[in-house]
Amino acid sequence: FVRALRSKGRKQLSPPGPWSFPIIGNLLQLGEHPYLTLMEMRKKYGDVFLLKLGMVPVLVVNGMEMVKQVLLKDGEHFAGRPNMHTFSFLAEGKSLSFSVNYGESWKLHKKIASKALRTLSNAEAKSSTCSCLLEEHVTEEVSELVTVFVELSSKNGGFDPRNAITCAVANVVCALCFGKRYDHSDEEFLKIVKTNDDLLKASSAANPADFIPCLRYLPLQIINAPREFYRALNGFIALHVQDHLATYDKDHIRDITDALINVCHNKYAAAKTDTLNDSEIISTVNDLFGAGFETVSTCLYWSFLYLIHYPEIQAKIQEEIDGNIGLKPPRFEDRKILPYTEAFISEVFRHASFLPFTIPHCTTADTTLNGYFIPRKTCTFINMYQVNHDETIWDNPSLFRPDRFLNENRELNKSLVEKVLIFGMGIRKCLGEDVARNEIFIFITAVLQQLKLKKCPRAKLDLTPTYGLAMRPKPYQLEAERRSSGSSSAS
Ligand code: HEM
């Protein structure tokens, strides 16, 4: 790497970083767990360093202060997305999450999507006992999940909960996006769940064409597979959106698709350029569909693993549920009265850090960071895993200890909760944070209210993640048995 760059006649330092090979750069050095390798590199090079992934220079940012500098104080300069081959498949560059076109029309796109999510959050539930439509969908799904867990356990003893969780979360996403839930054995539904899984696997296999650009012209399966999966998913979503456009009724908002149509037909439609056309609506639904699926189900898969690994923590959550809400179905507003459960969820986010990096960012202009010159269009990785395991913030970061989030009065320490970095921050922050937090809370409380989860006798549990776009635990099995009310025990 060149240590000094010339810009506008002045000599400016480029960030430090390891020596790299031609063409492959530092790819081979990253190993099986890149977030850990990058944490090690930080010890040598500091919070900001540069490496080469294939032929692409990548700026790596660590440390809470430096991350805040990049995502908040200097957010506008780091708010782009890099021109990666994998991203280019998604919505032909129109994707809210992945498009390289950062600017005024992207900002409007995000504003519209965020308004649509809020409209939906306020949409009334069909049943009077739920506060909103989302709460109703999640409640319905979790009750189905409990039944499936009990059935699987009585049939097989131990079972891997992954498929059941994926189907339940996929159904919440389908209900959110299209107002429709599917039977877990419905063929169309299973096909979509599988296509989404294939797309994720294909996209997270570190597509070599992302880092060695000339490879994108080769007709290889690994390079082009994501495009096929994406097309299939887009076709499914497009059909539903077209159907919604034909049956839309402004006085009866059924789901996000209706909410998006509503936002575009109302305020923003005043000026024609200030709205989304039908294909942009389809790509936005696609963004929300994709983003709300794997993230939440991965989080639940981790949560159940921690709960069987630490039965005493499971028992404490059940004690809190029994004491504060009893047998009443959990509701979003109960988050306020179950601080230990909330602390557990924050500790899962922090400890598992199943999204170790944000989606890659990219500089939108020449800029400086920590005294280093960073040219426009520099791909930037934010190492959220490092922040979540930083010893200067977290006492014994490798320990799984929900209590760290509670103060002496057993109340949630909100300022510490905010230090967990899992949804990103600033301009590119996750759009679905509230939806996700509420959904995960209901899934965990409703399952633990009714079931005791146990590890299978003699099974050895492994908390080491498998690296990917979203890191999953290695497959594991659990046993589920119905609780008699109010009986929490760690045994
Ligand atoms: C982006 C985390 C659930 C919608 C992101 C990003 C992260 C993230 C880290 C990238 C931030 C960045 O690039 O700086 C999570 C986690 C979730 C979750 C941990 C669940 C536990 C959801 C849900 C939705 C959603 C349920 C939608 C209903 C989005 C969208 C973006 C995004 C649209 C793109 C934002 C942009 O590019 O500006 N999320 N997410 N996410 N998320 Fe989430």
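Counting starts at 1 for both ligands and their atoms, in listed order.
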- Could you tell me how the ring of F236 sits relative to the ring of Y182: parallel (under 30°), tilted (30 to 60°) or perpendicular (over 60°)?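 Geometry flag for Y182 against F236: tilted rings.
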
- Relative to the ring of H389, is the ring of Y385 parallel (under 30°), tilted (30 to 60°) or perpendicular (over 60°)?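 Ring orientation, 0 to 90° scale: parallel.
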
- Query: Looking at residues at least two apart in the chain, or sitting in another chain, which of them share a salt bridge (Lys or Arg N to Asp or Glu O under 4.0 Å) with R428?
  - Reply: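 Listed in chain order: nothing, the list is empty.
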
- Message: Using a 3.5 Å distance criterion without hydrogens, assess whether the side chain of Q386 forms a donor-acceptor pair with backbone atoms of M39.
- Response: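 Not at all, since once roles are kept as given, no pair shorter than 3.5 Å links the two residues.
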
- Item | Best match, K429, K110, R437, R81: closest heavy atom to atom 13 (O) of ligand 1 |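 The residue whose heavy atom sits nearest atom 13 (O) of ligand 1 is R81.
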
- Ion pair check, D403 and K316, cut-off under 4.0 Å: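 Between K316 and D403 there is a salt bridge, with a charged N closer than 4.0 Å to a carboxylate O.
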
- Task: Taking only Lys NZ, Arg NE, NH1 and NH2, and the carboxylate oxygens of Asp or Glu, determine whether E76 and K107 approach each other closer than 4.0 Å.
- Result: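 Answer for the salt bridge query: yes.
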
- Task: Name the closest protein heavy atom to atom 21 (C) of ligand 1, giving the residue it belongs to and the distance to 0.1 Å.
- Result: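 For atom 21 (C) of ligand 1, the nearest protein heavy atom is I440 CD1, 3.7 Å.
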
- Query: Considering only protein heavy atoms, which is closest to atom 14 (O) of ligand 1, and at what distance to one decimal place?
  - Reply: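 Answer for atom 14 (O) of ligand 1: H361 NE2, 2.7 Å.
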
- Query: Relative to the heavy atoms of W106, which atoms of ligand 1 are at a distance of less than 4.0 Å?
  - Reply: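 In order of numbering, the contacting atoms are 38 (O).
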
- Task: With heavy atoms of S97 as the reference, note each atom of ligand 1 found under 4.0 Å away.
- Result: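 Near S97, meaning under 4.0 Å from one of its heavy atoms, ligand 1 has 31 (C), 33 (C), 34 (C), 37 (O).
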
- Message: Going by the rule ring-ring contact (aromatic ring centres under 6.0 Å, His included), which residues pair with F400 if we only count those two or more places apart in sequence or in a different chain?
- Response: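 Result, ring-ring contact (aromatic ring centres under 6.0 Å, His included) vs F400: Y306, Y310, F344, H351.
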
- Message: For residues 437-450, which residue pairs pass the salt bridge (charged side-chain N to carboxylate O under 4.0 Å, His left out) check, not counting sequence neighbours?
- Response: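 Counting only pairs at least two positions apart or across chains, the salt bridge (charged side-chain N to carboxylate O under 4.0 Å, His left out) contacts touching residues 437-450 are E433-R437.
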
- Does I422 come within less than 4.0 angstrom of ligand 1, counting non-hydrogen atoms of the residue?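 For ligand 1, residue contact (heavy atoms, under 4.0 Å) with I422 is present.
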
- Query: With a 4.0 Å cut-off on heavy atoms, does E439 reach ligand 1?
  - Reply: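 No, that is not the case, since the closest heavy atom of the residue is not under 4.0 Å from the ligand.
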
- Query: Are there any protein N/O/S atoms under 2.8 Å from atom 43 (Fe) of ligand 1, and if so, which?
  - Reply: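 The answer is C430 SG.
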
- Task: Using only heavy-atom distances, determine whether the side chains of Y476 and D462 contain a donor-acceptor pair under 3.5 Å.
- Result: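 Note: Y476 and D462 side chains miss the donor-acceptor criterion.
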
